[in-house]
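Okay, so here's the structure we're looking at.
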Amino acid sequence: VGPRKALALLTPTAFLCAGEMEVKHVPSLKRVTLHDVSTSRRMMVGAIIVGLYAVTGHFVYTTIGEPRRLALAEKKSAALDEWFDNPFWDDQDHTVDKPPSPPIVQQDDDEFPVAEKDDSSGAVDSDKDAGLGSEDAAAKNGTESAPPKKKKSKRIPSKYQPNAWAGAALFLVICSHILFHLMCYWRPSFLADMLYQPAKKIKSGVYALVEPHMHRGKPALVHVTRTGPQGQQKLAFVFQRLRYELDDDGTV
């Protein structure tokens, strides 16, 4: 076995290409091999695809709502930390008469605000209590009223959102499935290796993988049928609008 032949046997699809029936052909073609439909290979490819979808689908289903639960747990933890940081717990002289109320975490909120400190002065508050508007209070103090600050809110994930790794795995499986079909369309040799097997004999119904010379077109997997007048039918296939006849001895 030569070095090139030995290297070819190390390719991942070498076991699928073993035993190919290559027929004699006209000089205008580079290579012609015959293939037959393989039910076992199609079932194997289908089983692999179904298995991948089953595993990733189960992963996605079992992790639905996990990001939301983690976000709610983080929200509750932040609220408790803020509650324990209240000066009441560190006040030894008990100048603060009333302890803070325990935090209440609502489980159904899609958004929760982040608390911000109120920087408004007491003079403005007293003016508001007296019935003056914010503009009048600002004019009285000789200062301009600052625009109200918007409360920042953190978005809680949907209850139907799965784990990030589960979504990435499902995306990868879908992309691989699409890429498999595209490879079958782009590379007829890949299609023949994955879904067909080498033909055992020359007959009607097999498929011919025709490879032209460089810069003479693209390879194609064409159907071999019997054509011609009654009693003089011959095996033939059509490639690049040309009809090639296939003799019983395997000559194109």
Rounded at 0.5 Å granularity, tell me how far [atom1] in [X] sits from [atom2] in [Y].
| X | Y | atom1 | atom2 | answer |
| --- | --- | --- | --- | --- |
| Ile49 | Ser176 | CD1 | OG | 9.5 Å |
| Arg187 | Leu182 | CZ | CG | 13.5 Å |
| Ser40 | Gln197 | OG | CD | 6.0 Å |
| Ile174 | Leu170 | CD1 | CG | 4.0 Å |
| Arg216 | Gln240 | CZ | CD | 9.5 Å |

State, with a plain yes or no, whether a side-chain heavy atom of [X] is found less than 4.5 Å away from one of [Y].
| X | Y | answer |
| --- | --- | --- |
| Leu34 | Val23 | yes |
| Gln161 | Pro67 | yes |
| Pro162 | Glu66 | no |
| Leu72 | Ile156 | yes |

Practice problem: Would you check, one step at a time, whether the test side chain to side chain contact (heavy atoms under 4.5 Å, CB included) holds for Leu242 with Val238? | Solution: CA-CA 5 Å; Leu242 297 177; Val238 178; over 6 Å; no

Among the clusters formed by ILVMFWY side chains lying less than 4.5 Å apart, do [X] and [Y] turn up in the same one?
| X | Y | value |
| --- | --- | --- |
| Tyr53 | Ile48 | yes |
| Phe180 | Val55 | no |
| Leu195 | Met43 | no |
| Val50 | Val45 | no |
| Leu172 | Leu179 | no |

Quiz item: Is the Tyr207-His223 ring centre distance short of 6.0 angstrom?
Solution: yes

Over all heavy atoms of both residues, which pair between [X] and [Y] is shortest? Give the atoms and the distance, please.
| X | Y | value |
| --- | --- | --- |
| Ile64 | Arg69 | O-NH1, 3.6 Å |
| Ala71 | Pro157 | CB-CD, 3.7 Å |
| Pro188 | Leu221 | CB-N, 4.1 Å |
| Phe239 | Ala220 | CE1-CB, 3.7 Å |
| Arg226 | Ser204 | N-OG, 3.8 Å |
| Ala166 | Thr63 | CB-OG1, 3.6 Å |

Quiz item: Would you say the side-chain atoms of Thr227 and Arg243 include a donor-acceptor pair closer than 3.5 Å?
Solution: yes

Quiz item: Hey, are Thr33 and His35 close enough side-chain-wise for a donor-acceptor pair under 3.5 Å?
Solution: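 Result is yes, a qualifying pair exists.
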
Exercise. Determine the interplanar angle of the Phe237 and Tyr244 rings, folded into 0 to 90°, and report it as parallel if under 30°, tilted if 30 to 60°, perpendicular if over 60°.
Key: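 Geometry flag for Tyr244 against Phe237: parallel rings.
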
Quiz prompt | Side chain His213, main chain Pro27, donor-acceptor under 3.5 Å | solution =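 Yes: the side chain of His213 pairs with the backbone of Pro27.
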
Self-check item: Whether Arg41 side chain and Met194 backbone form a donor-acceptor pair below 3.5 Å
Solution: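 No; zero donor-acceptor contacts below 3.5 Å.
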
Quiz item: Looking at Tyr196, does the NZ or CZ of Arg42 lie under 6.0 angstrom from its six-membered ring centre and within 45 degrees of the ring axis?
Solution: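 So Arg42 does make the cation-pi contact.
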
Self-check item: Salt bridge flag under 4.0 Å for residues Asp36 and Lys203
Solution: yes

Self-check item: Salt-bridge present (Lys234, Glu245; N to O < 4.0 Å)
Solution: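 Looking at Lys234 and Glu245, the cut-off is met.
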
Exercise. Just do the side chain to side chain contact (heavy atoms under 4.5 Å, CB included) check on Val210 and Leu29 with the steps written out, would you?
Key: CA-CA 7 Å; Val210 187; Leu29 301 177; 3.8 Å; yes

